[in-house]
Amino acid sequence: MKLLHLLSALALAAPAAAADLPLEKLKLPPGFSVEVYAQVKDARSLALGTNGIVFVGTRSAGKVYALKPRPDGRGAEPVVLAQGLNAPNGVAFRDGALYVAEISRILRYDAIESRLADPPKPAVVTDRYPTDGHHGWKYIAFGPDGWLYVPVGAPCNVCEADPERYSLLSRIRPDGSGYEVYARGIRNTVGFDWHPQTKELWFNEHGRDMMGDDMPSCELNRAPKAGLHFGFPYCHQGDTPDPEFGSKRSCSEFVPPVVKQGGHVAPDGLKFYTGSQFPPEYRNRIFVAQHGSWNRSKKSGYRVMMATLKGAEVTKFEPFIEGWLEDEKVWGRPVDLLVMPDGSLLVSDDHAGVVYRVSYGKRG
């Protein structure tokens, strides 16, 4: 299956240079515009430092970047902070330090912003996580409680793995101590965020493969407290028993998704919009980056979706940016999202090798 995944990924169109990207094909709501903010090969997870510095993780490239805003305010220049790492997908920033998630460990680069030209040797926060490459790359973020949240995906398409080690979302203290399992039954999440008002955790989940084009659906989930189980590997999309493991436990035992996003759309980044640049009705909406399918007979995803909330209910789930997929040809795959201090929204794209900036109204 790993070979099939690789061949499918290679079959996607080769990325173009940033200057050649057909940005005019991207469809956004009226009043919004998109531009290339920075060119970064394999750009994936994003984290905001201070003074406008943005940190970018990668997966296959093995590098971590800092984006330094240009003096003229037109985009940013990438600076390589680290290289030769093991799928450093996840990045998070706290108290002047950059946290980087490899497959099995979390690194910390102290006082990083004062040493962009000469990065320090990282401290190992923890190396307790599994070494499995399958779903091993990680998205990390600090929660409102001050703990660092670290997911561990299933080491398979579908299997019963050790529930204390796999298919979960864990949390640790900033120094690496106090490991706890926050939620279980999660096949793979590489995007989550907390509601700005309720502080409840919301996360994306990738559905399993090899059940057809449309089954099961990828999910948008809500975890208002610790200790919940979201069904994997026994139940998918809240109502569909797994063909192999579904007889062992009932779907009624688990937390169902808030939104079924569609089969194989691969939702990665998730962010609540907390800025003030977009119109007021956009505040506290959820943006979801659907990376796109790899094994569907007709491609799906490859867009940024937007969820409108009423309390804990999603009243509307609709496209915010479309156009990376056209006539079964792909030229971009959104991965992560970041709300900037000026209220604009950054979107990373590991296929095109860029970070976009989405803004509203006249550019200042």
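Start at 1 with the first residue, then count along the sequence. Just so you know, these numbers use all the heavy atoms, side chains as well, and skip hydrogens, waters and symmetry mates.
Legend: residues meeting side-chain contact (heavy atoms from CB on, under 4.5 Å) with Glu180, ordered by chain and number and at least two apart, are Trp147, Arg171. Under the side-chain contact (heavy atoms from CB on, under 4.5 Å) criterion, Asp95 pairs with no residue, sequence neighbours left out. Contacts of Thr315 classified as side-chain contact (heavy atoms from CB on, under 4.5 Å), with partners at least two apart in sequence or in another chain: Thr308, Lys310, Glu313. With sequence neighbours excluded, the residues forming a side-chain contact (heavy atoms from CB on, under 4.5 Å) with Lys248 are Glu160, Tyr234, Phe245, listed by chain and number.
Between Asp239 and Lys260, at least one side-chain nitrogen of the basic residue sits less than 4.0 Å from a carboxylate oxygen of the acidic one, meeting the salt-bridge criterion. Using a 4.0 Å cut-off between charged nitrogen and carboxylate oxygen, Arg187 and Glu205 do not count as a salt-bridge pair. Ion pair Arg357/Glu35 flagged as a salt bridge, since at least one NZ, NE, NH1 or NH2 atom sits closer than 4.0 Å to an Asp/Glu carboxylate oxygen. Residues Lys27 and Glu322 are not paired through a salt bridge, judged by the lack of any N-O separation under 4.0 Å between the basic side chain and the carboxylate.
In this structure, Phe232 has its ring center at least 6.0 angstrom away from the ring center of Phe254. Taking the ring centroids of Tyr273 and Phe320, they lie at or beyond the 6.0 Å cut-off.
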N/O donor to acceptor pairs below 3.5 angstrom from side-chain atoms of residues 118-128, sequence neighbours left out:
unit_1	atom_1	unit_2	atom_2	d
Asp118	OD2	Arg115	NH2	3.3
Thr126	OG1	Arg128	N	3.3

Could you go through residues 41-55 and list every donor-acceptor pair under 3.5 Å that involves a side-chain atom there, pairing it with any protein atom two or more places apart or in another chain?
unit_1	atom_1	unit_2	atom_2	d
Asp42	OD2	Arg59	N	2.6
Asp42	OD2	Ser60	N	2.8
Asp42	OD2	Ser60	OG	3.4
Asp42	OD2	Ala61	N	3.1
Arg44	NE	Asn89	OD1	2.4
Arg44	NH1	Asp350	OD2	2.9
Arg44	NH2	Asn89	OD1	3.4
Ser45	OG	Asn89	O	2.9
Ser45	OG	Asn89	ND2	3.1
Thr50	OG1	Glu113	OE1	2.5
Thr50	OG1	Glu113	OE2	3.0

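For the ring-ring contact (aromatic ring centres under 6.0 Å, His included) criterion with Trp194, the lone passing option out of Tyr182, Phe203, Phe142, Tyr149 is Tyr149.
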